[in-house]
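Lettering of chains follows the sequences in order, A, B, ..., and the numbering in each one begins at 1. Heavy atoms only: backbone and side chains are in, while hydrogens, waters and symmetry mates are out. These numbers were taken from a predicted model, which means no experiment stands behind them.
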Amino acid sequence: MVEKTPDSKNDGGMPRRAGDAVTATHVKAWFVREVLPLEAMLMHFLQKNWRNKSDLEDFRQDVYEHVLAAAEVEIPERAKPFVFTTARNLLISRLRKENIVPIEIVADLDVLGIAADEPGPDRSLFARDLLRRLQAALDHLPPRCREAVILKRIEGLSQREIAQRMGISEKVVGNYVAEGMCVLADMVYGEQTISRSDA
Amino acid sequence: MSETEKMVPPKSRAGDIKSQAAAWLSRANAGDWSPEDQTRLDTWLAQSTAHRAAYWRLEAAWDEAERLRVLRAPLLRPDMAPDPRSFAQLKIAAVAMVIAMVGAVALFQTQAPTTLRYATGIGGRQVLNLSDGSKIELNTNTILRVGKIAGQRKVWLDKGEAFFQIKHDAAHPFTVMTGDHKITDLGTKFSVRQDGDRLKVTLVEGRARLDSTRAWSRKQSVDLSPGDVVVATTNSLSLLRKPEKALNEELGWRKGLLIFDHTTLAEAVAEMNRYNTQKLVIDDPLVSKLTVDGTFPIHAVPEFTEVAQAVFGLRVETRGDRTLISK
């Protein structure tokens, strides 16, 4: 398979201060290791505080952008409080814009135990449950898309082999794989239940 | 993608970026990726944190999906069109399986009388010093058989848990057989626990490999590094990494201790019960979710229930060989 490691090659292209110890590689590793496993909890939090479900993905993306922008200057010491404070602030500024008084959100952070100084068992729970979520993600894919993803990721066939085997063009294989990638990410990071980690 | 809209996101802005990121990632994995393509991707990534956030997220999930490979055989659904090649593979597999079965029967017949059986009862512990300098520690309620064929180092863990410290010998790998799996040691310290059809292998030092041995499945195998914990059942296999502290806690039994760290009462009780004939029973789902910290000698049932009473204010009632813990 072709190597694709943009992080290691384009450090120079990343917006960061000269002499800063934070490299894009660090930021990316931190983001993947510390922030993404919080996604299910984050989505749950956003969902509880925002009615319109079609906005949730935009909120998530906004949170990630703000968190990344900050991390590219200095990586926050504790990811969890940082992510949720960012989320809360984004919610509040949005609510202000729409003239709603945001009292409950502030309380809610405490309920989730996010302000508390605890790294939480999130990551080991996350790892333990990963295979199940991956399988669930596969189950969520439409049949043809699933077939393409399985042949690509699990069987390791080339694009051409998959195209021949499925009787479609390589471009369509690429589209199926792209679609599968989105669903995989949403299930792997978004679906983790929070009920177990806040017991 | 315009960056000016960042603060006031229109609907589905995120969905849009996600689609772009997915298209990039799919292309990068398609197999005809040139340095120019990489430069274009780098440029796109450098354009905004939005792009990086979306791309890194998809890429990380796609990397994680590699784990699905351990499930290769069961994942291939019957509704997927097989091609001639996989039929050919199946035929070869079938032949191999017959040979394997014949081999297994032959081995079994010659080996059955040539194993030595070691067993511990509930709460028992036993240390075996093997002639090659290796050491095996049996935990509570465990059955282990040691093969006696000269030049072959093989043991069967039929039930329970054991900790292995194996002298490395490249010419004679040390193998632990369990129900559905075999663990091949490459000079290591590791523990193996067999609980019904659930197998757990924890590698403390060195390297080892876990293979499934079910005749009907395609081969699954995982290489373990220090800190790796593999949990395998008949149909699944998952790998996670634990810090040294957690490993030591899990192996507390070697010193006669159970170490709990944010352990739910349900799990703690299950652990205590492995070592004691006086069984603890929780009859309230809320009680089982409480978490305990602390170190208990494996036989310290009275101390354990005392903590339940004093710290959690729970009621403890003993009836015969059962001790009920409730609110």
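In this structure, the separation between OG on B/Ser238 and CZ on A/Arg132 is 11.5 Å, given to the nearest 0.5 Å. Atoms CD and CG, from A/Gln159 and B/Asn29 in turn, are 8.5 Å apart once rounded to the nearest 0.5 Å. Residue A/Glu65 holds its CD atom at 10.0 Å from CZ of B/Arg52, rounded to the nearest 0.5 Å. Considering CG of B/Asp16 and CD of A/Glu57, their distance stands at 10.0 Å, rounded to 0.5 Å.
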Would you sort out whether A/Lys28 and B/Glu59 count as a side-chain contact (heavy atoms from CB on, under 4.5 Å), showing the intermediate values? CA-CA 11 Å; A/Lys28 180 180 173 183; B/Glu59 188 187 37; 2.6 Å; yes
Given the rule in the side-chain contact (heavy atoms from CB on, under 4.5 Å) test, do B/Trp24 and A/Met181 qualify, once you have shown the distances and angles that lead to the verdict? CA-CA 11 Å; B/Trp24 275 112; A/Met181 285 165 164; over 6 Å; no
Show your working on side-chain contact (heavy atoms from CB on, under 4.5 Å) between B/Thr49 and A/Gln61 and close with a plain yes or no. CA-CA 10 Å; B/Thr49 47; A/Gln61 174 74 15; over 6 Å; no
Would A/Val35 and B/Trp56 satisfy side-chain contact (heavy atoms from CB on, under 4.5 Å), going step by step from the backbone distance to the final call? CA-CA 11 Å; A/Val35 178; B/Trp56 288 348; over 6 Å; no
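Heavy-atom minimum distance, A/Phe31 versus B/Ala53: CE2-O, 3.8 Å. The two residues A/Asp58 and B/Ala14 come nearest to each other via the heavy atoms OD1-N, 2.7 Å. Smallest separation of non-hydrogen atoms from B/Ala65 and A/Leu184: CB-CD1, 4.0 Å. Across A/Gly174 and B/Ser26, no two heavy atoms sit closer than the pair O-OG, 2.8 Å.
Only the backbone of B/Ala23 comes within contact range of chain A, judged by heavy atoms closer than 4.5 Å. Contacts between A/Arg60 and chain B at a heavy-atom distance below 4.5 Å involve the side chain alone, from C-beta outward.
Residues B/Leu58 and A/Tyr189 have side chains not in contact (no heavy-atom distance under 4.5 Å, counting atoms from C-beta outward). The shortest side-chain heavy-atom distance between A/Asp186 and B/Lys18 falls under the 4.5 Å cut-off.
Without hydrogens or angle criteria, B/Glu64 side chain to A/Val188 main chain gives no donor-acceptor distance under 3.5 Å. For B/Arg57 (side chain) and A/Leu36 (main-chain N/O), no donor-acceptor pair under 3.5 Å exists by modelled atom type.
Listed by chain and residue number, B/Arg193, B/Arg198 satisfy the side chain to side chain contact (heavy atoms under 4.5 Å, CB included) test with B/Asp195 (two or more places apart in sequence, or in another chain).
Within a 6.0 Å sphere centred on CZ of A/Arg160, heavy atoms belonging to other residues, nucleotides or ligands number 12 at most.
With salt bridges taken as basic N to acidic carboxylate O contacts below 4.0 Å, none links B/Arg13 and A/Asp55.
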